[in-house]
Amino acid sequence: VIVVSITLYSYRTTLGKQSNGNNQADIVVELTKDIKIKEEMPAIDGSESVSIKVATFARKNDGTFNIKVTGLDSKTNYVNKDVNIRTLQDNAFVTIELDKIIDANKDKSISIELSSECNKGEGIGIYYSANKIVENASLSINEYEQIGDLSVKLLTESDELNLFYRIAI
């Protein structure tokens, strides 16, 4: 008897050079109603989701933060979403699906904007590097330019078909 098994699985792949949040010089800023974070960076073609490294400060936070990803050339709104912060894990990446796949032919650069309505002591932390990681990118907090970059990953999802043959006697 020959049994043929077909397994389909998907996995996420990081695209391009991005800050991975594993630098010794990482900084965390609490995202509150008084803080607006914006990173402009080169678009990476085929990106389907964005992943941001967050901190909960080892507490259960209540509220949301907003992420907005916009194409700087076409003004395409790739996502504008409120994310519930109650279930986020401390010092981990949160992945947000984009509504549209990034097309680098239309947008050479994108803007990632983060905001929240949380009060001080109730918001999540957002990681960013103290050093420049992404070429031709700029990070600002409350419109003041920073030296580093957000700890962010642009991801694509790939489906891969694998065939496994199993022989049973």
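These numbers were taken from a predicted model, which means no experiment stands behind them.
In terms of heavy-atom proximity, G123 sits nearest to I85 at CA-CD1, 4.5 Å. Heavy atoms only, all atoms of each residue included: T156 and E48 are closest at OG1-OE2, 3.9 Å. When all heavy atoms of P42 and N136 are compared, the closest pair comes out as CD-O, 3.7 Å. Of all non-hydrogen atoms in I102 and A43, the two that sit nearest each other are CG2-CB, 3.8 Å. A pairwise comparison of heavy atoms in G148 and L139 identifies O-CB, 3.4 Å as the closest pair. Residues Y78 and I101 come closest through the heavy atom pair CE2-O, 3.6 Å.
The structure places NZ of K38 at 6.5 Å from OG of S140, a figure rounded to the nearest 0.5 Å. Atom OG1 in T87 sits 11.0 Å away from atom CG in N61 (nearest 0.5 Å). Separating the CG atom in L31 from the CD atom in E117 is a distance of 10.0 Å, to the nearest 0.5 Å. Here the CG-NZ distance, from L150 to K53, works out to 13.0 Å after rounding to the nearest 0.5 Å. Taken to the nearest 0.5 Å, the CD1 atom of I67 stands 8.0 Å off from the CG atom of L98. Between the CZ atom of F93 and the CD1 atom of I52 there is a distance of 8.5 Å, given to the nearest 0.5 Å.
The side-chain heavy atoms of D45 and D103, taken from C-beta on, include a pair separated by under 4.5 Å. For the pair V69/I96, no side-chain contact is recorded, criterion being any heavy-atom separation below 4.5 Å from C-beta on. Looking at heavy atoms from C-beta onward, E30 lies in side-chain contact with F57 at the 4.5 angstrom threshold. By the 4.5 Å heavy-atom criterion applied to side chains, V152 and M41 are counted as neighbours. You'll find the side chain of Y128 reaches within 4.5 Å of the side chain of I141, heavy atoms only.
With hydrogens and angles disregarded, a donor-acceptor distance shorter than 3.5 Å links the side chain of K132 to the backbone of A137. The backbone N or O of G71 sits nowhere less than 3.5 Å from a side-chain atom of S74 that would complete a donor-acceptor pair. With hydrogens and angles ignored, the 3.5 Å screen pairs no side-chain donor or acceptor of N142 with any backbone N or O of Y144.
The side-chain hydrogen bond (donor to acceptor under 3.5 Å, both in side chains) search around N84 returns none, not counting sequence neighbours. The side-chain hydrogen bond (donor to acceptor under 3.5 Å, both in side chains) test applied to T32 returns no partner, not counting sequence neighbours.
Counted by atom type alone, D149 and S129 present zero donor-acceptor pairs between their side chains at under 3.5 Å. Remark: the K33 side chain and the N119 side chain contain an N/O donor-acceptor pair separated by less than 3.5 Å.
Of the candidates I37, D82, I124, I124 is the only one forming a side chain to side chain contact (heavy atoms under 4.5 Å, CB included) with F65.
Linking ILVMFWY side-chain heavy atoms closer than 4.5 Å, directly or via other members, places I44 and L72 in two distinct hydrophobic clusters.
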Starting from the C-alpha separation in whole Å, work towards a yes-or-no answer on side chain to side chain contact (heavy atoms under 4.5 Å, CB included) for V83 and N66.
CA-CA 6 Å; V83 178; N66 180 269; over 6 Å; no

